[in-house]
Amino acid sequence: MRMIAFPDGREVPALGQGTWRMGEDPTRRQEEVARLREGIERGFSLIDTAEMYGEGESERVVGEAIAGQREHVFLVSKFYPWNASRRAVPQACARSLKRLGVEQLDLYLLHWRGDTPLEETAEALEKLREAGDIAAWGVSNLDVDDLEELGPDLARCATDQVLLNLEHRGAEFDLLPFCRKQGMPVMAYSPVGQGGRLLRHKALRAVAEARGVTPAQVALAWVLGHEGVIAIPKATSLGHLRENAEAAAMVLTPEERAALDAAFPPPRRKQSLAML
Ligand code: NDP
């Protein structure tokens, strides 16, 4: 599988695993744990979670799934913007580490921007990195102007996790090129449009049918076709996980890309970064 390098040289496969909504329904918990384990076995070692997901329960599900195999996993979690102050960041991190049952996060992200100055958050994150609680830090849902505001701290920011799928292409105009120039990978969330309207789109279905694959596979292959982009679809059902695994090896043809561009036009001017 295609590997993507973070600025510190660590590499991860371009296909990772999302976990939003995991841990919310106790009756699905065993399935969620099993799916994450199967994903790890297949090599999708990056797992993305957040203190927000299930108010901590998603992190507990991840903790259960990775127990005994920490070394095979690249663990990403995120903190709320109201936990972004000098005082709150280390406390939020300690709670996440406890729920996950690990001593260190591979990557810790500001979930979205709030009232705390970015400089203060970056300073708190650097302290956590020096203490060894996190190996690296990054941000999420930050547009180019926010990233520029990071100033010298931008060099220490490992990623920006943003909404990117066929329906939300705004980041292609300026954010992706900006991050590429910084040598910073982008993590694409909701790559299959949360399994909703996008997958029923006529043009996407036509491309998928002609190739003999599913619309989700085309949608995911499209995201993975961007240089320096890691996709983190969430899949609890076994069929979805298998489909997504196959999509990681798919390369869309220029004709398929052109058909998708016609139905989902690429941005021709700056658009504010969309977020869920
Ligand atoms: P996704 O685009 O990953 O869609 C997940 C949904 O699509 C689930 O309902 C899943 O079903 C379904 N699905 C997965 N694979 C397929 C498939 N092959 N065919 C049909 N349906 C499929 O959306 P998410 O919003 O979950 O985004 C992915 C991850 O990104 C999140 O889980 C989270 O980790 C992160 N994220 C980050 C955000 C941020 O602000 N930083 C915001 C949103 C997400 P099932 O589970 O039943 O298999």
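Computed from a predicted structure; not experimentally measured. Counting convention: from 1, in listed order, for ligands and their atoms alike.
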Tell me whether [X] is salt-bridged to [Y], with the criterion being a basic N under 4.0 Å from an acidic carboxylate O.
| X | Y | answer |
| --- | --- | --- |
| R169 | D261 | yes |
| E167 | R197 | yes |
| R29 | E64 | yes |
| E130 | K127 | no |
| R86 | E123 | yes |
| R70 | D106 | yes |
| E149 | R113 | yes |

Closest approach of any protein heavy atom to [atom], naming residue and atom:
| atom | answer |
| --- | --- |
| atom 15 (N) of ligand 1 | N244 ND2, 3.1 Å |
| atom 11 (O) of ligand 1 | H240 ND1, 3.3 Å |
| atom 28 (C) of ligand 1 | I232 O, 3.0 Å |
| atom 4 (O) of ligand 1 | Q194 CA, 3.1 Å |
| atom 34 (O) of ligand 1 | D48 OD2, 2.6 Å |
| atom 27 (O) of ligand 1 | S190 N, 3.0 Å |
| atom 43 (C) of ligand 1 | Y189 CD1, 3.3 Å |
| atom 5 (C) of ligand 1 | K234 O, 3.4 Å |

Tell me which part of [X] gets within contact of ligand 1: side chain, backbone, both or neither, using heavy atoms under 4.0 Å.
| X | value |
| --- | --- |
| P191 | both |
| S237 | both |
| W112 | neither |
| A216 | side chain |
| E243 | side chain |
| V162 | neither |
| R28 | side chain |
| L163 | neither |
| Q217 | neither |
| L220 | neither |

Show me which atoms of ligand 1 lie under 4.0 Å from any heavy atom of [X].
| X | result |
| --- | --- |
| T236 | 45 (P), 46 (O), 48 (O) |
| L199 | 20 (C), 21 (N) |
| A235 | 46 (O), 48 (O) |
| P233 | 3 (O) |
| G195 | 4 (O), 6 (C), 7 (O) |
| H111 | 39 (C), 40 (O), 41 (N) |

For H226 and W222, take the angle between the two ring planes, folded into 0 to 90°, and tell me which bin it lands in: parallel under 30, tilted 30 to 60, perpendicular over 60.
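Answer is perpendicular, since the angle exceeds 60°.
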So is there a nitrogen or oxygen of W20 less than 3.5 Å from a nitrogen or oxygen in ligand 1?
yes
Close side-chain approach of V218 and R205, heavy atoms under 4.5 Å
no
Are the side chains of H72 and S45 in touch, meaning some heavy atoms are under 4.5 Å apart?
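In short, these two side chains do not touch, never coming nearer than 4.5 Å.
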Walk me through whether N83 and E51 qualify under side-chain hydrogen bond (donor to acceptor under 3.5 Å, both in side chains).
CA-CA 10 Å; N83 284 335; E51 64 172 334; 3.0 Å; yes
Under 3.5 Å, side chain of S58 to main-chain N/O of Y53, donor-acceptor pair present?
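No, the answer is negative, given that no donor and acceptor are paired below the 3.5 Å cut-off.
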Would you find a donor on one side and an acceptor on the other, under 3.5 Å apart, between the side chain of S237 and the backbone of H240?
yes
So, 4.0 Å and heavy atoms of K78: is ligand 1 close enough to count as a contact?
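Within the 4.0 Å threshold, so yes.
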Applying a strict 4.0 Å limit to heavy atoms, is N141 in contact with ligand 1?
yes
Does the ring center of F44 lie less than 6.0 Å from the ring center of F74?
no
Could you tell me the separation between the CD1 atom of I230 and the CE atom of M187, rounded to the nearest 0.5 Å?
5.5 Å
Begin with the C-alpha distance, continue with both residues' side-chain angles, and end with the deciding distance and a verdict on salt bridge (Lys or Arg N to Asp or Glu O under 4.0 Å) for R129 and E126.
CA-CA 5 Å; R129 197 178 60 77; E126 272 302 306; 2.8 Å; yes
